[in-house]
Structures are given as C-alpha cells and as structure tokens.
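Notes to accompany the following structure.
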Amino acid sequence: MSPDRKGKGVGGALYRSLLEVLARQGYRQAIAGTALPNPTSMRLHKSLGFQLAGVQRKLGWKLGAWHDVAWWQCELVPGTDAPAPPVGVDRLPPGVLAEALESGLPRHGVRPELRKE
C-alpha cells in the first residue's frame, strides 16, 4: 500500500472484503502470517477477529535480517460438520462477489474520498 494511504482504513476495508469473499466461498478458517515486530499489523489482525496461533522464530528473511513470524487464525464460518468443497469465485451466484467485495467499505468507516465509486 502506498505510504499516503496507510492508517486511513484502506487495508482493513480490503481485508474485511477478502474475508467476506472467502466466507461466501465456503472457507471455514483464514490463516495469516506477519513478520515481527509489527505492532500495526498485530492490531489490524486482532481487530478483524484473528487470534494469535503461534510464533515461529527466525523464519522469515526480510530487509536484510531474520524475523520471527506470527501466525494468526480467524474463524470465518462456524461449524463442526464436514465442510463442502469451496466454491470458485467464478461460480458464486450473480451479485454475491460484488456484494462481498463492497461489504468492507461503507460499514467500517472508510472515508468516502478513499472509496472508488
């Protein structure tokens, strides 16, 4: 993301839309990895309902140094029954993809000037 967009809700809006698309496709869990230290990313993932699942030490090479990687898990769709195979994005009913993609924007405080209508 460009530096002038950081801290303005764009990343959270995109992430919420992605999680909604995944849920509508039938995925039950979302998993994310973040290089540490990264307090901004940690706050974002917590705010989206992710829970810390574990940390692997010196796993990722980034910017010339080894970093620990935190793994996050978020339940998208509750249930203990056997899941159906995920539905491809191209096989979602008409309008469902657009609705899911738009779901992250207006409800979650992204400033109107950042939305592309």
Side-chain angles (χ1 to χ4, degrees):
M1 183 177 314
S2 71
D4 64 321
R5 296 288 194 209
K6 288 187 178 183
K8 295 183 179 176
V10 176
L14 290 170
Y15 218 147
R16 279 187 291 278
S17 293
L18 171 63
L19 296 175
E20 184 65 25
V21 169
L22 293 173
R24 292 185 188 214
Q25 287 182 271
Y27 289 97
R28 296 275 181 99
Q29 302 282 331
I31 307 296
T34 59
L36 297 176
N38 193 335
T40 303
S41 184
M42 292 177 71
R43 279 192 305 274
L44 173 64
H45 284 85
K46 287 179 183 179
S47 77
L48 294 168
F50 282 84
Q51 295 182 351
L52 184 62
V55 175
Q56 292 178 303
R57 306 291 175 204
K58 297 182 182 176
L59 181 68
W61 180 262
K62 182 178 175 182
L63 303 174
W66 287 103
H67 292 269
D68 295 347
V69 174
W71 293 100
W72 301 86
Q73 184 170 352
C74 179
E75 183 176 55
L76 300 173
V77 178
T80 57
D81 55 321
V87 176
V89 171
D90 61 329
R91 301 200 60 197
L92 289 171
V96 169
L97 178 60
E99 182 182 298
L101 289 172
E102 292 171 6
S103 70
L105 296 176
R107 288 192 322 216
H108 301 287
V110 174
R111 294 196 326 242
E113 68 269 19
L114 298 179
R115 283 188 240 146
K116 186 174 182 177
E117 305 296 337

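Positions are given from 1, in the same order as the sequence printed here. Keep in mind that this is a model prediction, so the values were computed, not measured.
Val69 and Leu52 end up in different hydrophobic clusters when Ile, Leu, Val, Met, Phe, Trp and Tyr side chains are linked at under 4.5 Å. Under a hydrophobic clustering in which Ile, Leu, Val, Met, Phe, Trp and Tyr are joined whenever their side-chain heavy atoms come within less than 4.5 Å, directly or via other members, Leu19 and Leu101 fall into different clusters. Both Phe50 and Leu36 are part of a single hydrophobic cluster, where members link through side-chain heavy atoms under 4.5 Å apart. Clustering ILVMFWY residues whenever any of their side-chain heavy atoms sit less than 4.5 angstrom apart, transitively, puts Val87 in the very cluster that holds Val21. Linking Ile, Leu, Val, Met, Phe, Trp and Tyr whenever their side-chain heavy atoms come within less than 4.5 Å leaves Leu14 and Leu97 in two separate clusters.
Distance check: Cys74 SG to Gln51 CD gives 8.5 Å after rounding to the nearest 0.5 Å.
Taking every heavy atom of both residues into account, Tyr15 and His45 meet most closely at OH-NE2, 3.0 Å. Smallest separation of non-hydrogen atoms from Arg16 and Gly9: NH2-O, 4.4 Å. Considering all non-hydrogen atoms of both residues, Gly79 and Arg28 come closest at O-NH1, 3.3 Å.
With sequence neighbours left out, the side-chain hydrogen bond (donor to acceptor under 3.5 Å, both in side chains) criterion links Thr34 to Trp72. Under the rule for a salt bridge (charged side-chain N to carboxylate O under 4.0 Å, His left out), Arg43 has no partner lying at least two apart in sequence or in another chain. Under the rule for a ring pair (Phe, Tyr, Trp, His ring centres under 6.0 Å), His67 has no partner lying at least two apart in sequence or in another chain. Annotation: ring pair (Phe, Tyr, Trp, His ring centres under 6.0 Å) contacts of Trp71 (sequence neighbours excluded): none. In terms of the side-chain hydrogen bond (donor to acceptor under 3.5 Å, both in side chains) criterion, Asn38 has no residue partners (sequence neighbours excluded).
Between Lys58 and Asp68 the shortest side-chain heavy-atom distance falls below 4.5 Å.
Residue pairs meeting the salt bridge (Lys or Arg N to Asp or Glu O under 4.0 Å) criterion with at least one partner in residues 83-101, sequence neighbours excluded, are Arg24-Glu99.
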